[in-house]
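Taking it in order: structure first as structure tokens, then the write-up.
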Amino acid sequence: MSFLLIGDLSQSTLDPAGHGAAQIADLFHWMLGGGVLIWLIVVGLAVYSVVVPGGHRPRLTKTLVIGGGAVFPTLVLTSLLCYALAMLPELHRPPPDASLTIDVSGVRWWWRVGYRTGENQRVETANEIRLPVDQPVEFKLTSEDVIHSFWIPALGGKVDMIPGRETRLKLHPNRVGTYRGVCAEYCGTAHAQMAFDVVVMSQADFEQWLRSQQRDASEPSGPAATAGRELFHRKGCGACHTIRGTDAGGRVGPDLTHFGSRLSLGAAIKPNDANHLRRWISRTHDVKPGVQMPAFERLNQDELDSIVAYLEQLN
Ligand code: CUA
């Protein structure tokens, strides 16, 4: 299905781009090795007992059964358990006090993302998370409806998002790049279409990006985009969406203040370009069955083009 294949975003736990993820990948490889070893020995003994004809010497049999079937697996599994437990303190250690904190809440079927930019100040975006490289970051996670699960496979472990409760996750990306995050807990119709983009950037690029997000929406330029803004308000889009600096202040759907700067739309299921946006607005439920946004099927071609021009300009 095409939504799984936007660009070539990595979402592999075996291609780690963060400290926690690297430890988890190491653990996987050791467990795989241990599992294969146990399998080979146990199956080897089983084959040996069937294939080699005649009676087996009782002492040898006892040694093989107890040694190969019990002692060896116990030793291997115990070592793996100790290795895994030794990782926990490091993975669970809270990040330093001054670390970047990002609030993310799961909503059927998208992500509300808030950056704390100062005392009681917050800038909101959606379905895209940008992070500075080589900095620990703490996510404070919650849900606005049902249980979701926040997972960026290339950066680390996953944590459930539970209504009425705040869970936390520390990540420490160490490689610049674009990764894919997903919802890892079945949450209804569009669960499989609840993803997000994660962009790990240099510190300087990140700061510049965060400053740009704090600004209000840019004024539309050109007649199409200006008409688009008018239409956006007239059709009531502002009841659900916020565009800072305009009258649109809805909280039900994603904040669109800098929509044009985002990589994808519909919670990372389609590339963010004019064609996909046109289809998203007019055929919403074909693109993402179950989505709460009503489809605006009755917009004529000009109206659709204007709204698209306006939204794509919101950089
Ligand atoms: Cu949200 Cu699955």
Side-chain angles (χ1 to χ4, degrees), residues 1-7 9-14 17-18 20-21 24 101-115 122 124-131 137-171 173 178-200 240-242 250-256 259 262-272 276-277 280-281 283-295:
M1 279 193 258
S2 64
F3 61 82
L4 293 174
L5 300 167
I6 295 185
L9 303 191
S10 166
Q11 68 169 93
S12 173
T13 52
L14 300 181
I24 294 168
T101 301
I102 303 176
D103 302 300
V104 184
S105 54
V107 192
R108 280 184 295 176
W109 287 275
W110 60 281
W111 312 83
R112 192 191 299 279
V113 182
Y115 285 81
R122 218 175 97 106
E124 194 168 301
T125 173
N127 301 328
E128 185 173 296
I129 294 173
R130 301 214 174 207
L131 302 171
V137 46
E138 184 170 47
F139 290 94
K140 297 200 166 163
L141 308 167
T142 185
S143 164
E144 298 179 21
D145 37 48
V146 299
I147 298 177
H148 302 274
S149 183
F150 179 87
W151 192 25
I152 310 168
L155 298 191
K158 59 173 160 307
V159 170
D160 276 4
M161 307 170 105
I162 301 162
R165 221 170 101 176
E166 184 185 84
T167 48
R168 295 179 182 204
L169 175 68
K170 179 191 70 172
L171 294 178
T178 306
Y179 309 97
R180 191 165 186 268
V182 291
C183 179
E185 179 82 47
Y186 180 72
C187 54
T189 313
H191 157 71
Q193 291 175 305
M194 183 172 173
F196 56 100
D197 298 309
V198 181
V199 184
V200 176
C240 293
H241 295 286
T242 291
R251 300 273 306 153
V252 178
D255 184 303
L256 299 179
F259 173 78
R262 291 188 201 145
L263 299 175
S264 60
L265 58 84
I269 62 168
K270 295 289 173 193
N272 184 4
H276 286 96
L277 183 56
W280 172 259
I281 295 170
R283 308 287 298 277
T284 322
H285 300 267
D286 293 348
V287 182
K288 184 169 177 170
V291 68
Q292 312 279 343
M293 176 172 142

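Start at 1 and go down the list; that is how both ligands and their atoms are numbered. For this chain, numbers begin at 1 and follow the sequence in order.
Counting just the N/O/S atoms of His148, the one with the shortest distance to atom 1 (Cu) of ligand 1 is named ND1. The N, O or S atom of Glu185 lying closest to atom 2 (Cu) of ligand 1 is O.
Within the 3.5 Å criterion, the main-chain N or O of Trp280 finds no donor-acceptor partner in the side chain of Lys270.
In this pair, Trp111 and His148 present their aromatic rings tilted. The plane angle is within the 30 to 60° band.
Here the angle at atom 2 (Cu) of ligand 1 defined by SG in Cys183 and ND1 in His191 stands at 120°, rounded to 10 degrees.
Among the atoms of Tyr186, no N, O or S atom falls under 2.8 Å of atom 1 (Cu) of ligand 1.
Looking only at atom types and distance, the side chain of Asp160 has a donor-acceptor partner in the side chain of Ser149 under 3.5 Å away.
Atom OG of Ser105 is separated from atom CD of Glu166 by 11.0 Å, given to the nearest 0.5 angstrom.
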